[in-house]
K.L.:
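Pasting a structure below so you can have a look.
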Protein chains: 2
Amino acid sequence: MKEPAARSERKFPCEQCPLMRRKVFRDFNKKELDFVSRLKRGELSVDRSATVLAEGTRNPHLYTVLMGWGFRYKLLPDGRRQIVNYVMPGDLIGLQGSLMGEMQHSIETLSPMTLCVFERSELMSLYREHPDLAYDVTWLASREECMLDENLLSVGRRTALERLAYLIAFLTNRASAVGMFNGSAPLLPLTQQHLADTLGLSLVHTNKTVRKLVQKNLIRWRDKGCEVLDLDQLAALSGWDPSDEGIRPFI
Amino acid sequence: MKEPAARSERKFPCEQCPLMRRKVFRDFNKKELDFVSRLKRGELSVDRSATVLAEGTRNPHLYTVLMGWGFRYKLLPDGRRQIVNYVMPGDLIGLQGSLMGEMQHSIETLSPMTLCVFERSELMSLYREHPDLAYDVTWLASREECMLDENLLSVGRRTALERLAYLIAFLTNRASAVGMFNGSAPLLPLTQQHLADTLGLSLVHTNKTVRKLVQKNLIRWRDKGCEVLDLDQLAALSGWDPSDEGIRPFI
DNA sequence: CGACCTGTTGATGGGCGTCAATTGTGGTGG
DNA sequence: CCACCACAATTGACGCCCATCAACAGGTCG
């Protein structure tokens, strides 16, 4: 695990926030934009395989992901790992730690990532001065809860093949909603170990399940990643309806 | 599934809210109390085994549980059920539906339950007029997320015996924090089918795992319920640290 | 070049699912 | 009052899904 390497220059002033160019994200009005801009402390750029937040620590910051992939996980005392969700551009991370003290999970990157940094202590002023934005923060927390429900349903009640199909469909759906492929073929930057730790399966069995989806021509396995060939059939195979969420907020 | 039977009389004006008597919940000041009191639409009393909220529906209300047990679950198209969490006094339910439209899960009671009813449409005025309370709503959502992370870790990475031990310890811990046993022996009002659907196991295997905990003298199985004999050993067996949460908000 | 990571495949065994039958209990209607 | 049924718990038999162990191939990097 590499240390996050912070850089101080601000490549993305809020007025040119890369997220604002995406249609999925709602617009800010001038006043909100000014406020958020003042809230912003800086940017953080980290490498691939870096730990952004660590379980058991206290971090004075909140982040919004601007670019890159990552995942959120927990460990058992003996080292068994469970990935609970993935993070992508527009996701707010570190909120749990801000509200409840110590972090209860860790976050690691799957690609280089840049994040927008906010001061944890300023969160209350956001609630005081911008109820609309506060509402949005709650909305984001609620959406995360919704995804966790889905993942739990999957791990608890789907077969290995269904689980894998669901996971790939879920990630592809989320990622393309925020324009991570824009046009090119969907490619998820994961190892099979990541899949295994998300699905609650062993690495070996995950591999054998991956092979089955490859043989069905639903995916192709590339250098360190999974190329998605048929999103609809993956969703159908898992019995999942990828309901489109429409416009959504971000901070 | 029985229909919820609504009653209109208000047995618990906010000033005498049964939750306020509990030490775990924080105090309101007068202004907040007045505001919440105006927000309150009434009370809902439902029987055991009633469906309070149903997946796929839209409900104009938000609820805070005042008394009773329940659980939150999702279904696969073919009927497989996954219980994602349990609800107890002080829990805010229906928030997801309020923020995101349709309910993505259902809630059913395990005992008679009384709930405090709020109008969904008033939520925004709470955010505008009482930032502190808005912050608390987010806090509650965040806590739910934290519990889901734990449950996902459990289902994904623990063995059947560890999973069951964790679940029982987790529920006992939560329930005694809100004073559901006050003094008497901890008794969880669940069937083994509920356990199975929470743990991601079959009913038969759940039964055999329950027997193992009974033989270890950690629990005793009663008429439709599980009596907890040794909470500490259950937690230790599952490798879980039941960190005490301290004072917490409610609405 | 050797160490390491990632993917792959085969062999073996155990944990857990499925099927099936039995018991006990409470509720319901004849 | 009792036959009947539904539900919850329990237990045994059987087999499959998936974990574990092991070995190997290819690629990357120091």
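Values reported hereafter were calculated over all heavy atoms of this structure, with side chains retained and with hydrogens, waters and symmetry mates removed. A, B, ... follow the sequence lines: proteins, then strands. Residue 1 opens every chain.
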K.L.:
If you count every heavy atom of other residues, nucleotides or ligands that lies below 6.0 Å from Asp223(B) atom CG, does the total exceed 12?
P.N.:
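Incorrect, the count does not exceed 12.
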K.L.:
According to salt bridge (charged side-chain N to carboxylate O under 4.0 Å, His left out), who are the partners of Glu102(A), at least two apart in sequence or on a separate chain?
P.N.:
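Testing Glu102(A) for salt bridge (charged side-chain N to carboxylate O under 4.0 Å, His left out), a comparison that skips the adjacent residues, returns none.
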K.L.:
Using only atom types and a distance under 3.5 Å, with no angle test, would you say the side chain of Arg163(B) pairs donor to acceptor with the backbone of Leu199(B)?
P.N.:
yes
K.L.:
Please give, in whole Å, the distance from dC5(C) C1' to Leu190(A) CG?
P.N.:
16 Å
K.L.:
Between Asp91(A) and Arg72(A) (salt bridge meaning N to carboxylate O under 4.0 Å), is one present in this structure?
P.N.:
no
K.L.:
Taking it one step at a time, do Thr64(B) and Leu19(B) satisfy side-chain contact (heavy atoms from CB on, under 4.5 Å)?
P.N.:
CA-CA 10 Å; Thr64(B) 290; Leu19(B) 297 178; 3.9 Å; yes
K.L.:
Should Thr109(A) and Asp47(A) count as side-chain neighbours, where that means a heavy-atom distance under 4.5 Å?
P.N.:
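Of all side-chain heavy-atom pairs linking Asp47(A) with Thr109(A), none is under 4.5 Å.
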K.L.:
Under 30°, 30 to 60°, or over 60°: which ring-plane class applies to Trp240(B) and Tyr166(B), parallel, tilted or perpendicular?
P.N.:
perpendicular
K.L.:
For Leu213(B) and dT10(D), give me the distance from atom CG to atom P, rounded to whole Å.
P.N.:
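Rounding to the nearest Å, CG of Leu213(B) and P of dT10(D) are 12 Å apart.
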K.L.:
Does any part of the side chain of Gln96(A), heavy atoms only, come nearer than 4.5 Å to the side chain of Asp149(B), both counted from C-beta?
P.N.:
yes
K.L.:
Polar atoms only, N or O, under 3.5 Å: list the protein pairs with nucleotides 24-26 of chain D and their distances.
P.N.:
none

K.L.:
Arg48(A) has an atom CZ; how far is it from atom C1' of dC5(C), in whole Å?
P.N.:
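To the nearest whole Å, that distance equals 10 Å.
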K.L.:
Relative to Tyr86(B), does Arg174(B) satisfy both conditions: NZ or CZ under 6.0 angstrom from the six-membered ring centre, and within 45 degrees of the ring's axis?
P.N.:
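No, cation not above the ring by the 6.0 Å, 45° rule.
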K.L.:
Which pairs with one or both residues in residues 49-70 of chain B pass salt bridge (charged side-chain N to carboxylate O under 4.0 Å, His left out), sequence neighbours excluded?
P.N.:
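Listed by first then second residue: nothing to list.
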K.L.:
I need the CG-C1' distance between Leu195(A) and dG7(C), as an integer number of Å.
P.N.:
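Rounding to the nearest Å, CG of Leu195(A) and C1' of dG7(C) are 12 Å apart.
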K.L.:
Look at the side chain of Trp221(B) and decide which nucleotide, out of dT6(C), dT8(C), dA9(D), has an atom nearest to it.
P.N.:
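From the listed options, dA9(D) comes nearest.
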K.L.:
Please check the phosphate of dT10(D) (OP1 and OP2 only) for any side-chain N or O of Gln192(B) closer than 4.0 Å.
P.N.:
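Looking at the OP1 and OP2 atoms of dT10(D), one of them is under 4.0 Å from a side-chain N or O of Gln192(B).
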K.L.:
Ignoring backbone atoms, test whether Asn207(B) places a side-chain nitrogen or oxygen under 4.0 Å from the OP1 or OP2 oxygen of dT10(D).
P.N.:
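Yes, within the criterion.
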K.L.:
With nearest nucleotide decided by heavy atoms, which residue, Gln193(A) or Thr206(B), maps closer to the 5′ end of DNA chain C?
P.N.:
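Whichever sits nearer the 5' end wins; that is Gln193(A).
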K.L.:
Between the protein and nucleotides 19-26 of chain C, are there any N/O to N/O pairs under 3.5 Å, and if so, what are the atom names and distances?
P.N.:
none

K.L.:
What bend angle does the helix from dC1(C)-dG30(D) to dG30(C)-dC1(D) show across its length, from five-pair end axes and to the nearest 10 degrees?
P.N.:
30°
K.L.:
What distance do Met113(B) atom CE and Ile93(B) atom CD1 have between them, rounded to the nearest 0.5 Å?
P.N.:
6.0 Å
K.L.:
So do the side chains of Leu153(B) and Arg158(B) get within less than 4.5 Å of each other, counting heavy atoms only?
P.N.:
yes
K.L.:
Can you tell me the distance, in whole Å, between the NZ atom of Lys208(B) and the P atom of dT18(C)?
P.N.:
13 Å
K.L.:
Expressed in angstrom and rounded to an integer, what is the separation of His194(B) atom NE2 from dA8(D) atom C1'?
P.N.:
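From His194(B) NE2 to dA8(D) C1': 11 Å.
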K.L.:
If you restrict it to nitrogen or oxygen atoms, what contacts under 3.5 Å exist between nucleotides 13-16 of chain C and the protein, and what is each distance?
P.N.:
| residue | atom | partner | partner atom | Å |
| --- | --- | --- | --- | --- |
| dC16(C) | OP1 | Ala160(B) | N | 3.4 |
| dC16(C) | OP2 | His205(B) | NE2 | 3.0 |
| dC16(C) | O5' | His205(B) | NE2 | 3.4 |

K.L.:
Using only atom types and a distance under 3.5 Å, with no angle test, would you say the side chain of Thr198(B) pairs donor to acceptor with the backbone of His194(B)?
P.N.:
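Here the side-chain-to-backbone pair exists.
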K.L.:
If I take atom CZ in residue Arg211(A) and atom P in nucleotide dG10(C), what distance separates them, rounded to the nearest angstrom?
P.N.:
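To the nearest whole Å, that distance equals 12 Å.
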K.L.:
Could you state the atom-to-atom distance from CG of Asp47(B) to C1' of dG27(C) in whole Å?
P.N.:
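That distance rounds to 16 Å.
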K.L.:
Within a 6.0 Å radius of atom CG on Asp78(B), are there more than 12 heavy atoms belonging to other residues, nucleotides or ligands?
P.N.:
yes
